[in-house]
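Presented below is the structure to which this report refers.
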2 protein chains.
Amino acid sequence: MPRPSTPLLSPDRIRSVALAIIDRDGLDGLSMRKLAAELGVQAASLYGHVRTKDQLLNDVASSILSSVDVSGFSVDWREGLLRCARSYRAALSSHPNIVPFLAYGPAGRDESLQRLDILHGALVDAGWSRREATMIAAGLMYIVFGSALSSFSSGFSSDPADYTGRYPHLDRAHLLPGVARELDRDSFELALAAFVRGL
Amino acid sequence: MPRPSTPLLSPDRIRSVALAIIDRDGLDGLSMRKLAAELGVQAASLYGHVRTKDQLLNDVASSILSSVDVSGFSVDWREGLLRCARSYRAALSSHPNIVPFLAYGPAGRDESLQRLDILHGALVDAGWSRREATMIAAGLMYIVFGSALSSFSSGFSSDPADYTGRYPHLDRAHLLPGVARELDRDSFELALAAFVRGL
DNA sequence: CGATTAACCGAACAGTGTTAGGTTAACCCA
DNA sequence: TGGGTTAACCTAACACTGTTCGGTTAATCG
């Protein structure tokens, strides 16, 4: 195929299809060739619009992080922490498959740094020391990423036989997959509430 | 090379060299060919001792998890939570490169389930409902995995120019890499203390 | 109208996990 | 002691992966 009259590719389209593949097939399910095929194109053509696969993943990640809301700090710092953590988790759990990639280096992305800057500033304004503010921000990220990552959704078996006998207190663990979404959310809320209350 | 007089390979030796490579070169730095080369062998020979690479990683992970200590619940549940979380984090942070793999499905490993069983039983004995016990265990794992994974060690730049101007409250972020280890530990302790206190 | 640039393709490179089939040494039993 | 079986390793290959190089054609601009 020569140069088409109207371009088939654009960074936006590439990002959106890439995210759709990740959501559907997982992080390992995304390959440049599969992505190209779904865009009606050969793999090499992608490199005219995207520098590397890693950069593409970073761009996808940034677009997800841009929905994190840090406006709650205008009320007070506790409310700010709660709202920030909730919207952060909501952003991650709507695209759970990309979380392992995101968890590698969240500090390097501009979207993360902007929000961290606001969060840090609000905590210092509220009277916490700079060091304390940093640690509180870190602790909040622990809960957000921990809940998005090591979620109970995946991991437990639905077969009672996998638990009875060997694990006396886990005799109902086989029911977890059915209530995983709800339980994950409630566990997150519990951890978040306990953390903010304990500060 | 024919069959050697004394075997070159054993599951133990394979696991330990694999872990050494992961510690040195990262999770992506481990390939079956490199692993084989360091064992003085060809890649195909590994498959006589190991089913798949994924299974090998699972075995390595299990050996790390076996050092997690849940004996503190004999004192009381708060002390149990604290000790368990600390030894869990210590186990993970001594091999940080394998944590991303571990975070995928911690519930499936026997070592995890055994410890989760004890933890869950102790919380129920202390008066928490089964559901609360599950959520508390989940919250503890959030903090442990979050702190081991999205650590501040990696992620921040040492160049002040990356922060001044754009992020007014992060003007000292370039100092973070130098104190990352200490700050990560303190942030973990803060989050853990706040969580357990807030319960 | 001519030159340049942008968009895509085909083929290739080095690397990945994994398997099939072959070779030889060690071991067990008659 | 000899013969058969098994265990441990090998070579070669398969189907992938991300990425690059050079080529071809259409759109665009002076």
Side-chain angles (χ1 to χ4, degrees), chain A residues 1-62 97-98 100-102 104-105 108, chain B residues 1-62 97-98 100-102 104-105 108:
Chain A
M1 190 202 298
R3 179 178 185 186
S5 43
T6 72
L8 299 169
L9 299 177
S10 75
D12 265 10
R13 213 164 96 77
I14 294 176
R15 274 196 294 270
S16 102
V17 173
L19 181 55
I21 293 177
I22 291 172
D23 286 340
R24 169 165 44 86
D25 302 337
L27 199 53
D28 295 343
L30 176 73
S31 79
M32 297 304 268
R33 282 175 177 82
K34 187 197 282 188
L35 173 57
E38 302 214 359
L39 287 161
V41 130
Q42 294 298 113
S45 311
L46 297 172
Y47 288 85
H49 304 264
V50 163
R51 220 155 46 80
T52 68
K53 183 187 184 183
D54 208 68
Q55 184 58 55
L56 169 61
L57 285 170
N58 263 298
D59 291 346
V60 172
S62 290
N97 291 338
I98 209 183
F101 174 83
L102 245 160
Y104 263 102
Chain B
M1 189 203 298
R3 177 176 184 183
S5 43
T6 71
L8 300 169
L9 299 177
S10 74
D12 266 10
R13 213 165 94 77
I14 293 175
R15 274 195 294 269
S16 100
V17 173
L19 181 55
I21 293 178
I22 290 171
D23 286 342
R24 171 164 46 85
D25 302 338
L27 198 52
D28 295 343
L30 175 73
S31 80
M32 298 303 269
R33 284 174 176 82
K34 187 196 280 187
L35 173 58
E38 302 212 359
L39 287 160
V41 129
Q42 294 298 113
S45 310
L46 297 171
Y47 287 85
H49 304 263
V50 164
R51 219 156 46 81
T52 67
K53 184 188 183 183
D54 208 68
Q55 185 58 55
L56 169 60
L57 285 171
N58 264 298
D59 292 346
V60 172
S62 290
N97 290 340
I98 209 182
F101 175 82
L102 244 160
Y104 264 101

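As a basis for the values below, the full set of heavy atoms in this structure was taken, side chains included, without hydrogen atoms, waters or symmetry mates. Letters go in sequence order (proteins before strands), and every chain restarts at 1.
The stretch residues 40-53 of chain B participates, sequence neighbours left out, in no salt bridge (charged side-chain N to carboxylate O under 4.0 Å, His left out) pair at all. Sorted by first then second residue, the salt bridge (charged side-chain N to carboxylate O under 4.0 Å, His left out) pairs that include residues 30-42 of chain B, not counting sequence neighbours, are B:R24-B:E38, B:D25-B:K34. Within the structure, the side chain to side chain donor-acceptor pair (under 3.5 Å) test picks out no pair touching residues 39-50 of chain B (sequence neighbours left out).
The salt bridge (charged side-chain N to carboxylate O under 4.0 Å, His left out) test applied to B:D12 returns B:R15, not counting sequence neighbours.
Judged purely by atom type and a 3.5 angstrom limit, B:N97 uses its side chain to pair as donor or acceptor with the backbone of B:D23.
When the C1' atom of D:dG18 is taken as reference, atom CG of A:N58 falls 16 Å away, rounded to whole Å. Rounded to a whole Å, the CD atom of A:Q42 is 8 Å from the C1' atom of C:dG10. Atom C1' of nucleotide C:dT18 and atom NZ of B:K34 are separated by 19 Å, given to the nearest angstrom. Residue B:L39 contributes atom CG, which lies 11 Å from atom P of D:dC10 at whole-angstrom precision. Between the P atom of D:dT19 and the CG atom of A:L56 lies a distance of 10 Å, rounded to the nearest Å. If you measure from atom CD1 of A:I21 to atom P of D:dT17, you get 11 Å, rounded to the nearest angstrom.
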Working for side chain to side chain contact (heavy atoms under 4.5 Å, CB included), residues B:L57 and B:L30: CA-CA 10 Å; B:L57 285 171; B:L30 175 73; 4.1 Å; yes

Task: Pair B:L39-B:L46, side chain to side chain contact (heavy atoms under 4.5 Å, CB included): steps then yes or no - done: CA-CA 10 Å; B:L39 287 160; B:L46 297 171; 3.8 Å; yes

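A 4.5 Å side-chain heavy-atom check between A:I14 and A:D59 finds every atom pair outside the cut-off.
Residues from residues 45-54 of chain A placing a heavy atom under 4.0 Å of any atom in DNA chain D, listed by number, are A:Y47, A:T52, A:K53. Contact check of residues 22-32 of chain A against DNA chain D (heavy atom, cut-off under 4.0 Å) returns A:L30, A:S31, A:M32.
Between D:dA12, D:dC9, C:dG17, one nucleotide has an atom nearer to the side chain of B:R33 than all others, and that is C:dG17.
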